[in-house]
Colleague: 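Okay, handing you the structure first.
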Amino acid sequence: MQWATGYDIFLPVVWLLVAAGVILLIDLFTEESERQTMPVFFTALGGVLLSFVSLNPYWDARPVVLMRGAMIVDQFAVYLITAILTGTAISMFASISYVRRIGISLTDFLCTLLLAASGMVLLTVSNDLIMVFLSVELLSFAVYVLTGLNGRSSKGAEGAMKYFVMGGLASAVMVLGMAALYGVTGEVALRPLGDKLAQLYSQPDGSQYLATLGMGAILIAFAFKVGAVPFHSWVPDAYEGAPTTVTGFMAVAVKAAAFGALIRVAVAVFPEHAGPTGFAGDFGWATYALWFLSALSMILGNWFAISQRNVKRMLAYSSIAHSGYLLMGLASSGGRTEAYAAILFYLLTYTLMTSGAFAMLVYASSGGKDVEDIEDLRGLAWKKPAVGICLAIFMFSMAGIPLTGGFMGKYFVFSQAVYAGGPYLSLAIIGICTSIIGAYYYLRVVAVTYFREADDRPVHGREDWGIKFALSVTVFGTVALGVFPQIFYDGAKASVEQLRVEAPAVEGRNGQTSQLVDR
Amino acid sequence: MVLAVIAPALHRVAPEQAGRVLALAVAALFTLFALTPHEAAPLVYAWAPSLDLHVSLLFDGLGKLMALIVSGIGSLILLYANGYLHGDARLPRLYAALLAFMGAMLGVVLGGNLLFIFVCWELTSVTSFILIGFDHDRPAARAAALQALLVTGAGGLCLLAGVILLGVAGGSYELVELAAAPGLREHGLYVPALLLVLAGAFTKSAQVPFHFWLPGAMEAPTPISAYLHSATMVKAGVVLLARLNPALGGTELWFGMLCGFGGATMLVGNLGSLFQTDLKRVLAYSTVGMLGTLVLLIGIGTQAALAACVTMLLAHALYKGALFMVAGGVDHAVHTRDATVLSGLGRAMPITWAAATLAALSCMGVLPLLGFIAKEKSYVAALGAPELAPWIVAASLAANAAAFAMAAIVGVRPFLGRPMEQSEHAHEGSFDLWLGPLLLGVCSLGLGVAAGWPFAGLLEAAAGSVYGSEFEVALKLWAGTEGVYGQALLLSGATVAIGALLFALRAPLRSLAGGLRFAAALAPQRVYQLLYEGSLGAAALLTRRVQNGLLNSYLRTVVLALVGISLWSLWRQPHLMVSFNVGEIRTYEIGIVALILVSCLVAVRSESRMAAIVALGVAGLGVTLLFALFSGPDLAMTQIMVETLTVLLFVLVFYHLPQYARLSSSFERVRDLLVSLIFGGLMTLLVLASSTDILDAPLSEFYAQNSLVKGHGRNVVNVILVDFRALDTLGEITVLAAAAIGVVAMLRLKPARKEGA
């Protein structure tokens with residue numbers, strides 16, 4: 001049947017939900033025990049894999065819209081979903097034995113993780129304001145729970161509480177903004193909304209202020225979700241408090257999904273939001289806002305990070321700084337596909353290196369105790385040379401040293417900013433100065449692992465095959481992105497080109513819009 | 001080729017002979033380089049073509065010369081390291097790092113694509129970080145490694161920016177294409193690009209004011225200092241400038257920057273070396289000075305200057321490498337490097353003595369050695385400088401005289417005179433230790449006597465590739481006494497005289513400069529320290545201020561940002577229509593509004609949680625009443641439900657919480673009040689302003705009309721549930737099922753197991 005073909009785009013989400021449901025059932029009918037681990041884990045992994053496989057028809061397809069344009073599946077979404085699922089799978093592998101070691105039920109953890117992942121996948125295919133909001137909430141609530149999953153840790157509770165309260169406010173702001181936009185234009189679907197707004201600004205009728213307010217509020221909410229300064233304050237507490245693998249997941253997947261949605265909204269709704277002329281036109285304010293968000297995130301994120309002794313907090317600030325680099329790409333994009341492709345590429349490398357770094361912290365954790373102080377890592381490289389090299393590669397990548405994905409990402413984003421010229425050149429210069437600060441604290445970690453005498457603390461990850469697998473994948477990916485950037489960049493570019501393609505809308509049965517996939 | 005060099009890093013199994021085998025391997029590479037004829041066209045391998053990233057190797061004169069230096073001295077250093085750190089367990093690591101560094105360095109000198117050069121450039125920074133921090137037990141070594149990395153890393157990022165700008169301005173990253181690009185020097189981005197590239201090159205090549213990291217880096221074991229900090233890594237900046245000379249050179253800015261910084265570095269480095277007593281630090285300062293000279297010569301940019309530059313490059317690599325190795329050999333033998341103590345070692349260490357003498361003579365620029373030719377050429381170049389010639393000549397004279405004295409201190413003095421106490425134990429090191437310096441010393445002599453043969457053609461080609469086109473370089477030991485050559489010879493004589501004087505006066509000089517030197521030579525060091533500690537301190541302070549952990553202040557940021565953006569958008573609006581005409585106000589409306597206001601006030605002022613919750617509930621009900629009155633019964637129903645649930649939940653949760661405590665000061669309370677008032681006021685304004693509504697017609701008519709036509713059913717509700725909204729219904733069923741599972745799970749929940757989820 002025709003419509004059935006169209007609806008298989010739900011499969012990626014459905015598989016995740018099914019896996020979550022099966023895990024719930026397993027939890028319901030079996031006792032919590034060591035024997036539960038493998039079936040539960042493989043159910044979750046199976047869900048992620050099936051979800052990935054069900055993307056297959058869309059790899060080379062043209063965009064498809066569904067549900068009156070509320071959802072869209074294009075290669076942009078596919079690219080992001082790949083990154084998100086990768087991040088999810090890596091967190092799962094890293095968690096196999098870690099989660100139980102710190103006293104959390106594996107089923108609770110995996111189930112919530114899958115729910116969060118399904119929210120993220122939905123967010124990447126959302127094409128109207130309501131879907132955006134619903135999926136943001138779905139993923140956020142799952143992540144709030146994940147953050148506070150370790151009820152015994154007071155830091156976890158504090159982080160989850162702060163994240164929840166701030167997140168609630170951000171959601172309120174987002175709804176306010178959406179309401180304002182809907183009120184002005186009577187549209188919720190992104191593209192018609194953008195068209196109406198463009199029309200409104202060219203022929204003002206006295207309600208533009210509401211439109212500006214609406215877009216500003218949505219921007220604030222997204223800035224909150226990606227952790228950009230000054231809406232970053234939840235990041236350090238939540239990152240520090242959450243179990244380490246959750247932190248990795250938050251840093252990676254939440255950011256990828258939120259950035260994806262932000263790009264989609266920005267392209268559709270802020271028609272001329274940036275670029276060499278961006279500072280002048282009616283959307284100039286959006287460019288200013290992005291400029292400041294990016295500059296502040298880069299400066300403060302890096303600057304705060306250098307005084308941290310706690311590795312997780314340091315990585316939290318570093319993730320703020322990375323948001324700044326990504327926002328630089330967005331601010332200077334001017335609608336150019338290369339710029340969006342640069343952002344996507346950066347997101348992919350960021351996913352790999354960051355989840356790798358957090359997996360590393362799990363590896364180095366000893367007993368039920370997380371790695372806290374940077375000194376806990378001293379001499380790690382001599383205890384486990386292979387792990388030392390992995391850690392060095394992740395840190396080099398984050399610092400942007402060549403032959404790693406991090407360097408390529410920085411290179412792409414910076415060259416886009418330089419190319420845009422004008423005020424973005426100053427943004428690029430800020431980015432470079434702050435990268436120097438960044439290099440300091442990343443390399444300090446490497447220095448501690450190599451240049452300090454090892455203590456006799458046991459390293460726990462030794463027998464943990466899940467961690468080893470996660471580390472191998474991320475290291476391999478980080479290096480591959482650095483040495484062979486071409487394929488990934490071209491993929492990103494091809495996927496971004498679809499953002500502007502008008503999706504063919506076929507009227508299906510019952511007034512629902514759906515169509516066959518163009519294979 | 002580069003990979004072939006890195007690969008043996010893995011072969012570090014055979015402990016005894018590993019160093020020698022590796023040295024032989026690198027020597028084979030050297031031979032390979034030597035036998036490959038140089039050519040101007042680059043070899044290009046596509047790496048990521050659509051990103052303009054190619055591995056292009058430029059094996060021209062300069063590339064070949066540098067490749068020979070890197071691999072030749074590299075093989076000797078490997079041998080030397082084998083002797084120097086004999087039996088040390090960390091030796092394999094040293095080999096691995098050295099070889100990795102060598103590979104990266106070959107990439108820098110042979111690279112023909114700016115991005116590729118940059119990649120290798122950063123790799124040299126990283127590997128040198130590992131090498132300098134090799135003695136990681138000592139905090140000084142760690143600090144020095146970090147300092148070197150920060151300075152060169154910062155420069156590296158500037159270089160990246162400069163390279164990207166150049167790529168934008170010139171349309172390519174290929175050196176060959178950049179050199180041919182028209183109008184590059186007039187391009188608007190030329191100045192920023194040049195400044196950024198220079199920042200990168202100057203930090204790497206230790207130019208004033210970034211020179212301080214190089215003496216610090218002497219914390220490394222001697223083989224590393226000898227290799228990285230005399231012959232290779234610090235030359236990377238010089239090589240880069242030489243590479244870019246055809247593309248960027250020839251402007252006022254280029255001349256001024258290079259001559260200014262190069263000249264200053266030349267003076268500071270060479271004179272600074274006289275104030276040092278540690279042999280390695282003496283050599284480090286003199287290296288700084290030499291790098292300044294090279295930069296200065298590139299800056300002058302005439303044919304004579306570039307010929308002098310490449311000759312000096314070779315001469316310096318030969319004698320400075322040898323002197324470093326000699327210093328290490330002396331240290332190895334008598335365990336001190338203090339120039340004021342060392343004396344009379346000549347008899348105990350004859351071979352080292354010979355090597356040291358040869359190298360020192362070359363450094364002094366004494367007649368039959370290569371150093372002499374280089375110095376003569378540099379004087380000729382200085383005399384022929386297009387501008388400022390007298391100044392450059394005077395500076396060169398001072399610098400060369402200081403270099404003369406320096407060479408005497410390092411290469412001659414320790415071996416002559418009364419034997420020192422420890423000299424009884426002094427002994428010649430192993431074959432590995434003296435072969436390197438001796439070979440290099442002999443090369444200095446041989447190349448001098450043979451007037452560059454067999455390297456004359458290569459030097460010519462190298463100078464040509466720096467200049468941009470081939471020209472003739474006359475490499476003669478004795479150039480005659482006519483014209484500039486006569487003046488240069490005269491200057492050489494003066495150099496020797498002043499140098500000898502300086503050497504004789506070295507002790508008073510040191511004491512004289514005792515107080516001065518920290519102020520003069522170490523000032524940038526202090527600036528670095530201040531910057532470093534200052535930014536760490538400031539970061540800590542700022543973090544505490546901004547990231548204070550108070551949810552209250554975090555929330556304020558979000559609210560204020562929202563208010564800011566709203567006010568801004570309102571302010572931008574030219575004709576804001578705020579309608580205060582809300583129609584007739586009825587008395588019960590006033591009553592309801594008053595009820596809401598009072599309960600809000602109570603909620604804020606209340607001393608007990610319960611009272612506050614109840615007051616909030618009342619406010620909510622007031623809003624519900626308003627909805628009900630203004631024809632929104634469905635909304636009112638929902639609102640009642642939500643309000644009731646919220647109050648109940650609040651009560652449940654807050655029941656466990658302690659009593660209020662007054663934690664905030666009155667200032668904070670006033671501030672929060674202001675924020676709330678602003679936010680409330682803004683909302684009011686928005687509501688008033690947006691009272692015009694544009695909403696679509698209700699959906700119900702659509703369903704009523706289409707239920708029979710499209711759904712083939714007469715029961716509209718049924719059709720909506722199973723047809724129009726089939727997915728919603730499915731979703732609701734799923735939600736119910738999930739809720740049921742949840743309830744079962746809750747029922748089975750064991751006590752004290754988990755919370756949440």
Side-chain angles (χ1 to χ4, degrees), chain A residues 21 24-25 27-28 105 108 112 145 148-149 151 162 165-166 169-170 173 183 186 206 208-210 212-213 216-217 220 224 230-231 233-234 236-237 285 300 303-304 306-307 396 401-403 411 414-415 418-419 428-429 432 435-436 439-440 443 447 450-452 484-486 489-490 510-511, chain B residues 48-51 118-119 122-123 126 129 133 136 142 146 149-150 153-154 157-158 160-161 164-165 168 535-536 539-540 542-543 546-547 549 551 554-555 557-558 561-562 565-566 568-570 572-573 575-577 686 690 693-696 710-711 723-724 738 741 744-745 748 754-757:
Chain A
L24 269 186
L25 288 175
D27 190 32
L28 191 58
S105 148
D108 292 357
T112 326
V145 173
L149 210 48
K162 280 183 181 165
V165 173
M166 303 268 313
L169 184 63
V173 169
Q208 310 90 291
Y209 72 97
L210 211 53
T212 309
L213 168 67
I220 289 177
F224 173 85
F231 309 109
S233 33
W234 59 276
D237 292 320
W285 63 270
L300 294 184
W303 205 0
F304 288 167
I306 54 179
S307 61
F396 285 164
I401 285 169
L403 293 189
Y411 164 68
F414 286 175
S415 38
V418 170
Y419 183 84
I429 290 170
I432 282 166
S435 302
I436 298 170
Y440 166 73
L443 295 173
Y450 273 91
F451 291 171
R452 302 294 297 275
F484 307 107
Q486 180 88 52
Y489 181 76
D490 287 350
N510 303 341
Chain B
S50 73
L51 317 174
F118 172 77
V119 167
E122 287 294 274
L123 290 180
V126 173
F129 169 66
H136 54 74
R142 292 205 298 267
L146 195 60
L149 183 69
L150 281 180
L157 284 164
C158 291
L160 175 61
I164 294 177
L165 283 180
V168 172
S535 59
L536 284 189
L542 201 64
T543 312
V546 176
Q547 203 70 41
L551 194 54
Y554 297 169
L555 290 174
T557 319
V558 178
L562 184 67
I565 206 157
S566 317
W568 193 78
S569 69
L570 285 174
R572 284 267 306 226
Q573 184 82 3
H575 310 292
L576 185 61
M577 289 174 291
L686 282 178
S690 63
D693 54 332
I694 328 155
L695 284 178
D696 285 344
K710 287 191 175 166
D723 223 325
F724 289 127
I741 295 178
V744 177
R748 287 167 56 103
K754 56 193 173 187
E755 70 165 47

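Lettering of chains follows the sequences in order, A, B, ..., and the numbering in each one begins at 1.
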Colleague: For B:Ile164 and A:Tyr411, what are the C-alpha separation, side-chain angles and deciding distance, and is it a side chain to side chain contact (heavy atoms under 4.5 Å, CB included)?
Modeller: CA-CA 9 Å; B:Ile164 294 177; A:Tyr411 164 68; 3.9 Å; yes
Colleague: Side chain, backbone, both or neither: which part of A:Ala217 has a heavy atom under 4.5 Å from chain B?
Modeller: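 Both backbone and side chain.
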Colleague: Sort A:Phe231 into side chain, backbone, both or neither according to what part of it lies under 4.5 angstrom from a heavy atom of chain B.
Modeller: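 For A:Phe231, the contact with chain B is made by the side chain alone.
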Colleague: Does any backbone or side-chain atom of A:Leu169 lie under 4.5 Å from a heavy atom of chain B? Answer side chain, backbone, both or neither.
Modeller: side chain
Colleague: Quick one: closest heavy-atom pair of A:Ile432 and B:Ala161, and the distance?
Modeller: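 Reported closest heavy-atom pair: CD1-CB, 3.0 Å.
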Colleague: In terms of heavy-atom proximity below 4.5 Å to chain A, should B:Leu157 be classed as side chain, backbone, both, or neither?
Modeller: both
Colleague: Could you tell me which of A:Leu443, A:Ile220, A:Ile401, A:Ile429 has the largest number of non-hydrogen atom pairs under 4.5 Å with chain B?
Modeller: A:Ile220
